[in-house]
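See structure below.
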2 protein chains.
Amino acid sequence: MRAISHPIREQLSLVGVLHALSDPVRLEIVRSLADEAELSCGKLAVAVSKSTLSHHLKVLRDAGLTQTRAVGVHRFVSLRAGDIEARFPGLLDCVLEHSAST
Amino acid sequence: MRAISHPIREQLSLVGVLHALSDPVRLEIVRSLADEAELSCGKLAVAVSKSTLSHHLKVLRDAGLTQTRAVGVHRFVSLRAGDIEARFPGLLDCVLEHSAST
DNA sequence: ATCATAGTTCGACACACGTCGAACTTCCGG
DNA sequence: CCGGAAGTTCGACGTGTGTCGAACTATGAT
């Protein structure tokens with residue numbers, strides 16, 4: 001079983017988080033995840049190929065914005081809302097609020 | 001006299017703004033500008049060459065975060081705080097607040 | 001008209017990034 | 001044990017990015 005590593009809360013950097021959110025595809029993924037507790041990869045409705053989606057999910061995970069857990073062949077992704085809020089209070093909510101109107 | 005073009009407020013995009021802020025040098029520039037009404041290029045204390053600074057200032061200007069006015073040979077740069085706040089309320093303050101503790 | 005200054009632009013370099021198809025790995029049902 | 005599915009990784013491609021020195025442009029002082 002493949003272990004999925006995540007950065008710990010203290011490793012989240014502002015620049016890293018802003019960079020991860022500065023791509024339209026990743027911002028769309030984060031918005032989808034904000035509306036659900038978690039989603040499987042297949043349920044994420046983004047218009048890119050599977051390998052591109054994997055790439056973007058890796059960027060989000062490495063930035064510390066999301067966490068991934070495996071169940072059989074499925075990968076479930078969720079926002080690390082608690083960690084992000086603890087680390088940068090208000091930032092994610094602010095970004096999500098403004099992304100809705102873009 | 002060289003006219004310095006800026007995007008209008010409506011042209012500011014969330015992704016563009018986040019991208020502009022997702023670089024450590026530009027974030028440092030924005031932080032410096034947040035503390036002063038405006039600064040000349042030479043007063044911006046960032047550890048990069050003049051051409052790199054020009055590059056970053058262009059990125060910030062193109063993203064709509066800053067405005068530049070020329071006075072003789074000097075260029076004075078300031079945050080478009082009003083436009084940013086109107087366009088994405090709370091976002092810049094939030095980012096600046098968190099960048100201070102990085 | 002010349003010179004110094006501030007800042008920009010050019011062009012080059014090395015690396016980063018987003019994209020994808022093919023191949024791969026892991027899991028589970030039959 | 002085999003095949004299908006989910007998702008990852010590899011490698012390639014084209015473009016983007018941050019860096020800088022050299023050359024350039026505009027301004028103002030002389």
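Excluded from the calculations below are hydrogen atoms, water molecules and symmetry mates; all remaining heavy atoms, backbone and side chain alike, are included. In what follows, chains are A, B, ... by sequence order, proteins preceding strands, each numbered from 1.
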**OP:** For dG16(D), take OP1 and OP2 only and decide whether either is under 4.0 Å from a side-chain N or O of His19(B).
**Re:** no
**OP:** Quickly work out the Ile29(A) CD1 to dG7(D) P distance and round it to whole Å.
**Re:** 13 Å
Is there any protein nitrogen or oxygen under 3.5 Å from a nitrogen or oxygen in nucleotides 28-30 of chain C, and what are the pairs?
none

**OP:** Mind calculating the distance between CG (Leu21(A)) and P (dC17(C)) to the nearest angstrom?
**Re:** 14 Å
Original post:
Among residues 48-60 of chain A, which contact DNA chain D at a heavy-atom distance under 4.0 Å?
Top reply: Lys50(A), Ser51(A), Ser54(A)
Subject >> Residues that Lys50(A) engages under salt bridge (charged side-chain N to carboxylate O under 4.0 Å, His left out), provided they are two or more places apart >> reply: none
Original post:
Between Leu18(B) (CG) and dT17(D) (P), how many Å, whole number?
Top reply: 14 Å
Original post:
Does the side chain of His74(A) get closer than 4.0 angstrom to OP1 or OP2 of dA5(D) through an N or O atom?
Top reply: no
**OP:** Starting at atom NZ of Lys43(A), determine the distance to atom P of dA5(D), rounded to an integer number of angstrom.
**Re:** 15 Å
Original post:
Closest approach of Leu12(B) and Phe88(B), non-hydrogen atoms and distance?
Top reply: O-CZ, 3.8 Å
Original post:
Taking atom P of dT8(D) as reference, at what distance in whole Å does atom CZ of Arg61(A) sit?
Top reply: 7 Å
Subject >> Non-neighbouring partners of Glu38(A) that pass salt bridge (charged side-chain N to carboxylate O under 4.0 Å, His left out), sequence neighbours left out >> reply: Arg69(A)
Original post:
Once you round it to whole Å, what is the distance between P of dT17(D) and CG of Leu27(B)?
Top reply: 17 Å
Original post:
Can you check the Asp62(A) CG to dC17(C) P distance for me, whole Å?
Top reply: 11 Å
Original post:
Which heavy atom in Cys41(A) sits nearest to a heavy atom in Val77(A), and how many Å separate them?
Top reply: SG-CG2, 4.3 Å
**OP:** Can you sort out the partners of His74(B) under side chain to side chain contact (heavy atoms under 4.5 Å, CB included), two or more places apart, ordered by chain and number?
**Re:** Ser40(B), Phe76(B)
**OP:** Taking salt bridge (charged side-chain N to carboxylate O under 4.0 Å, His left out) as the test, write out the residues that go with Arg26(A), two or more places apart.
**Re:** none
Subject >> CD1-CD distance between Ile8(A) and Gln11(A), expressed to the nearest 0.5 angstrom >> reply: 4.5 Å
Subject >> Short side-chain N/O contact to dC27(C) OP1/OP2 from Arg75(A), under 4.0 Å >> reply: no
Subject >> Asp23(A) CG to dA16(C) P, straight-line distance once rounded to whole Å >> reply: 17 Å
**OP:** For Gly16(B) and Ser13(B), work out which heavy atoms get closest and say how close.
**Re:** N-OG, 2.9 Å
Original post:
Do Arg75(A) and Leu57(A) pass the side-chain contact (heavy atoms from CB on, under 4.5 Å) test, and can you show the C-alpha distance, the side-chain angles, and the key distance before you say yes or no?
Top reply: CA-CA 11 Å; Arg75(A) 290 287 179 281; Leu57(A) 289 177; over 6 Å; no
